[in-house]
Amino acid sequence: MPNDFVIDRDDLVKITVHYADNQLVVLLNEHDLYHRKTERQPRLNDEVPLNSFLVRGVNYLNILGIDWGGAARYAFVITKNGEPIVGPMDDRFPGQHGLVTQYNYRLIVTG
């Protein structure tokens with residue numbers, strides 16, 4: 001599948017969030033790893049390490065973008081050992097309310 005990524009147990013995997021307007025939630029295997037609420041699209045540089053929550057086999061990474069109305073923007077990159085495996089993503093949405101986007105990935109850990 002195009003949203004599947006093979007990760008070795010020794011790889012360093014993280015998400016860096018650059019925009020989370022209005023709200024961005026990162027879930028890994030149902031653990032809430034990141035939950036940021038912002039307004040007016042401030043530039044962020046939030047790093048979310050994933051390694052301590054990864055298990056051998058299939059891991060489910062879900063990223064949810066929630067809007068409260070007005071323009072929304074979600075930007076992030078997922079890296080493995082410093083190299084992008086997803087993104088950088090930079091998605092913008094017109095004024096809506098509720099869940100406006102969802103990104104789903106499977107991280108398959110070997111080793």
Side-chain angles (χ1 to χ4, degrees):
M1 295 181 70
N3 289 337
D4 286 1
F5 300 95
V6 176
I7 308 293
D8 186 77
R9 189 74 186 144
D10 295 328
D11 290 335
L12 176 61
V13 182
K14 69 179 176 180
I15 300 173
T16 304
V17 176
H18 296 294
Y19 290 94
D21 184 4
N22 287 120
Q23 191 171 350
L24 192 73
V25 177
V26 175
L27 304 168
L28 178 62
N29 298 329
E30 299 182 1
H31 294 283
D32 188 347
L33 300 188
Y34 180 85
H35 197 138
R36 182 72 180 250
K37 299 176 183 179
T38 68
E39 294 184 61
R40 297 185 184 88
Q41 300 182 13
R43 173 82 173 159
L44 306 171
N45 195 34
D46 295 345
E47 293 187 353
V48 183
L50 303 181
N51 287 72
S52 60
F53 294 93
L54 292 171
V55 296
R56 176 180 274 168
V58 178
N59 295 263
Y60 296 93
L61 177 64
N62 307 100
I63 303 171
L64 312 174
I66 302 162
D67 189 18
W68 310 332
R73 184 176 184 185
Y74 309 100
F76 61 89
V77 62
I78 302 173
T79 58
K80 176 174 83 171
N81 300 324
E83 297 295 321
I85 59 172
V86 173
M89 305 289 289
D90 191 348
D91 291 335
R92 300 165 195 241
F93 300 88
Q96 299 177 28
H97 291 277
L99 182 66
V100 295
T101 191
Q102 182 171 338
Y103 311 89
N104 300 299
Y105 306 100
R106 292 190 333 164
L107 305 178
I108 302 162
V109 176
T110 64

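Worth saying up front: this structure is predicted, and the values here are computed from it rather than measured.
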Taking salt bridge (charged side-chain N to carboxylate O under 4.0 Å, His left out) as the definition, give me every residue that meets it alongside Lys37, ordered by chain and number, with sequence neighbours left out. none
Just to verify, what does Arg56 make a side-chain contact (heavy atoms from CB on, under 4.5 Å) with, not counting sequence neighbours? none
Rounded to the nearest 0.5 Å, the CD atom of Glu30 sits from the CZ atom of Phe53 at a distance of 13.5 Å
Under the side-chain contact (heavy atoms from CB on, under 4.5 Å) test, which residues partner His97, sequence neighbours left out? none
What's the separation between atom CG in Asp4 and atom CG in Asn104, rounded to the nearest 0.5 Å? 11.5 Å
Identify whether Tyr19 and Leu24 are in the same connected component of the hydrophobic contact network (ILVMFWY, side-chain heavy atoms under 4.5 Å). no
Which residues pass the salt bridge (charged side-chain N to carboxylate O under 4.0 Å, His left out) test with Asp8, sequence neighbours left out? none
Does Asp21 reach the main-chain N or O of Ala72 with its side chain, forming a donor-acceptor pair under 3.5 Å? no
If I take atom CG from residue Leu50 and atom CG from residue Leu28, how far apart are they, to the nearest 0.5 angstrom? 5.5 Å
Other than Ile66, what residues sit in its cluster of Ile, Leu, Val, Met, Phe, Trp and Tyr side chains whose heavy atoms are under 4.5 Å apart, directly or through others? Val25, Leu27, Leu64, Trp68, Leu99
Partner set under side-chain hydrogen bond (donor to acceptor under 3.5 Å, both in side chains) for Asp91, not counting sequence neighbours: Tyr103
Interatomic distance, Gln41 atom CD to Asn22 atom CG [nearest 0.5 angstrom]: 9.0 Å
Answer whether the closest heavy-atom distance between the side chains of Glu47 and Ile15 falls below 4.5 Å. no
Can you give each donor-acceptor pair under 3.5 Å made by side-chain atoms of residues 75-84, sequence neighbours left out, with the distance rounded to 0.1 Å?
from	atom 1	to	atom 2	distance (Å)
Lys80	NZ	Val6	O	3.2
Asn81	OD1	Leu12	N	2.8
Asn81	ND2	Asp11	OD1	2.8

Which residues satisfy the salt bridge (charged side-chain N to carboxylate O under 4.0 Å, His left out) test with Arg9, sequence neighbours excluded? none
So CD1 of Ile108 and CD1 of Ile7: to nearest 0.5 Å the spacing works out to 9.0 Å
So, does Thr16 use its side chain to make a donor-acceptor pair with the main chain of Asn45 at under 3.5 Å? no
Would a 4.5 Å heavy-atom cut-off, applied to side chains only, mark Ile63 and Tyr74 as touching? no
Is the closest side-chain heavy-atom distance between Val86 and Phe5 below 4.5 Å? yes
Ring pair (Phe, Tyr, Trp, His ring centres under 6.0 Å) partners for Tyr60, two or more places apart: none
Do the charged groups of Arg73 and Asp90 touch, with an N to O distance under 4.0 Å? yes
Taken in chain and number order and not counting sequence neighbours, the residues that satisfy side-chain hydrogen bond (donor to acceptor under 3.5 Å, both in side chains) with Gln96 are none
Partner set under side-chain hydrogen bond (donor to acceptor under 3.5 Å, both in side chains) for Asn29, not counting sequence neighbours: Asn59
If only atom types and distance count, is the side chain of Asn51 paired as donor or acceptor with the main-chain N or O of Val13 below 3.5 Å? yes
Partners of Asp46 by side-chain contact (heavy atoms from CB on, under 4.5 Å), sequence neighbours excluded? Val17, Tyr34, Arg36, Leu44
